[in-house]
Amino acid sequence: MPEVRVGERRWQVAAGSNLLDALNSAGVAVPYSCRAGSCHACLVRCLEGEPADARPEALSEAKRMQGWRLACQCRVEQDLQVVVFDPQRDGVPARVTALQWLGAEVLRVCVQPDTPLRYQAGQHLVLWNAQGVARPYSLASVPGEDPGLAFHLDCRYAGAFCTSARALHVGDVLRLGELRGGALHYDPDWQARPLWLLAAGTGLAPLWGILREALRQQHQGPIRLVHLAHTPAGHYLAGPLAELARQYPQVQVELVTPVELPQALAALRLPSRQTIALACGSAASVEQFARRMFLAGLPRNQLFADVFVGHA
């Protein structure tokens, strides 16, 4: 049986064991969220040995050369010595510069990292709080337009990260993990094409950034944004979206609740086969959006989607 070593601790595991499970079951606390290789909360660094990696492409070549692996995607086939990602040592410090409640449930957190990060609208990264709790969040900011980095935290339910976020103050320090690019982005080549942005809950955060990035790049085609919220009060950017729609005649905004969603989706008609659709939210919401888009004739390679995984 292969042996896993972390610091002075050594223990044996069954060959083929998932590395994340092997670490957590032995009391080595490794955070995780998606278990799909997307959130990057479960980073570990291999000092000796090499695990079987199901998704080597999920990390940059530079990260892999440094020995970093995603524990959720690795199997233990031989003896391993690993060190767990330490936000104090390996994370980028970022000071909280602004806190704003967008309605009663969504907290906008703005941070300024000590080391400037070059990013694109729609990317995401892992936030670590002072208690060592890690959660992935999409950026709601636009480079060159917004100071620092902005995130929209859904605080409807109590959770280890959201509860601590309610107690944040300007000047507090969070730690940032690796900047990641998912499926969501804006391509300047789309400038003349219809653009559909379909969001559920705080899945609106990256699409809010992408919408403003598209307008900043003088997008010429029609833009339609649909935001699904559990109640009308959940449309936490209703005012700013309405203001953008007033300023830009090509922008159309539709705010819907679950009761209204089936009828709203049934009424969707693609303005062109060249339409690009971006969707973000829970797995169920994204699946609903995608099914309707495909039934309406959208080519599958013209839908880009990121799924939010629920966590505490």
Side-chain angles (χ1 to χ4, degrees), residues 6-7 20 23 28-34 37-47 58-72 82-102 106-155 159-182 202 205-206 208-209 308 311-312:
V6 179
L20 176 62
L23 292 168
V28 179
V30 180
Y32 64 91
S33 180
C34 69
S38 297
C39 75
H40 286 210
C42 63
L43 274 173
V44 298
R45 191 173 186 178
C46 297
L47 303 180
L59 286 175
S60 67
E61 185 62 27
K63 276 283 189 184
R64 288 186 57 79
M65 291 295 291
Q66 293 170 2
W68 292 104
R69 300 292 185 271
L70 298 176
C72 72
V82 303
V83 61
V84 175
F85 182 93
D86 181 347
Q88 297 300 318
R89 180 192 62 223
D90 305 312
V92 176
R95 197 166 302 278
V96 176
T97 57
L99 297 163
Q100 177 189 9
W101 282 99
L102 305 174
V106 177
L107 177 63
R108 181 175 182 264
V109 178
C110 298
V111 303
Q112 183 65 54
D114 286 2
T115 303
L117 295 181
R118 298 182 62 183
Y119 71 96
Q120 295 180 336
Q123 288 188 281
H124 62 269
L125 45 69
V126 174
L127 292 181
W128 296 76
N129 66 14
Q131 293 74 41
V133 178
R135 294 291 184 265
Y137 286 101
S138 292
L139 287 158
S141 45
V142 176
E145 184 171 314
D146 296 319
L149 310 174
F151 306 89
H152 296 168
L153 278 58
D154 184 349
C155 295
F161 196 96
C162 287
T163 299
S164 68
R166 288 177 174 272
L168 282 174
H169 296 89
V170 170
D172 287 349
V173 175
L174 300 175
R175 300 274 169 166
L176 309 181
E178 184 186 18
L179 183 67
R180 292 287 300 152
T202 50
W208 168 243
F308 281 3
H311 43 66

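All figures in this text were calculated on a predicted structure; none of them were measured in a lab. Every heavy atom of this structure was used, including side-chain atoms; hydrogens, water molecules and symmetry mates were not. Positions are given from 1 along the sequence.
- Side-chain contact between V6 and V44: absent, with no pair of heavy atoms (C-beta onward) separated by less than 4.5 Å.
- Scanning all heavy atoms of the two residues, the minimum distance from A140 to D146 falls at O-OD2, 4.4 Å.
- Side-chain atoms of H40 never come within 3.5 Å of backbone atoms of P136 as a donor-acceptor pair (strictly under, hydrogens ignored).
- For E145, the side chain to side chain donor-acceptor pair (under 3.5 Å) criterion is met by R212, not counting sequence neighbours.
- Residues in residues 119-134 take part in these side chain to side chain donor-acceptor pair (under 3.5 Å) pairs, two or more places apart or across chains: Y119-S141, N129-Q131, N129-S164.
- In this structure, the side chain to side chain contact (heavy atoms under 4.5 Å, CB included) partners of Q112, at least two apart in sequence or on a different chain, are T97.
- Between C72 and C42, the closest heavy-atom pair is N-SG, 3.4 Å.
- F308 is listed as a side-chain neighbour of P206, based on a closest heavy-atom distance under 4.5 Å.
- Between L127 and V109, every side-chain heavy-atom pair lies at or beyond the 4.5 Å cut-off.
- When all heavy atoms are compared, the tightest approach of A165 to L107 is O-CD2, 3.6 Å.
- Partners of C46 by side chain to side chain contact (heavy atoms under 4.5 Å, CB included), not counting sequence neighbours, listed by chain and number: P51, R69, V82.
- A pairwise comparison of heavy atoms in V170 and L99 identifies N-CD1, 3.9 Å as the closest pair.
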May I have the list of side-chain donor-acceptor pairs in residues 83-95 shorter than 3.5 Å, sequence neighbours left out?
unit_1: D86; atom_1: OD1; unit_2: Q88; atom_2: N; d: 2.9
unit_1: Q88; atom_1: OE1; unit_2: R175; atom_2: NH2; d: 3.1
unit_1: R89; atom_1: NH2; unit_2: V84; atom_2: O; d: 3.1
unit_1: D90; atom_1: OD2; unit_2: D86; atom_2: N; d: 2.9
unit_1: R95; atom_1: NH1; unit_2: G171; atom_2: O; d: 2.9

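- Contacts of R108 classified as side chain to side chain donor-acceptor pair (under 3.5 Å), with partners at least two apart in sequence or in another chain: none.
- When the side chain to side chain contact (heavy atoms under 4.5 Å, CB included) test is applied to S60, the partners found at least two apart in sequence or on another chain are A62, K63, E178.
- With contacts defined as side-chain heavy-atom distances shorter than 4.5 Å, the pair L153/T202 does not qualify.
- The main-chain N or O of C155 is found under 3.5 Å from a side-chain atom of R166 such that the two form a donor-acceptor pair.
- Residues passing the side chain to side chain donor-acceptor pair (under 3.5 Å) test with R45: none are found, sequence neighbours excluded.
- Annotation for Y137 and H152: closest pair CD2-O, 4.2 Å, computed over non-hydrogen atoms.
- Residues meeting the salt bridge (charged side-chain N to carboxylate O under 4.0 Å, His left out) test with D172, sequence neighbours left out: none.
- Across all their heavy atoms, V126 and A134 have their closest contact at CG1-CB, 3.6 Å.
- Under the salt bridge (charged side-chain N to carboxylate O under 4.0 Å, His left out) criterion, no residue pair touches residues 120-134, with sequence neighbours excluded.
- Counting only heavy atoms from C-beta outward, the side chains of F151 and V111 approach each other to under 4.5 Å.
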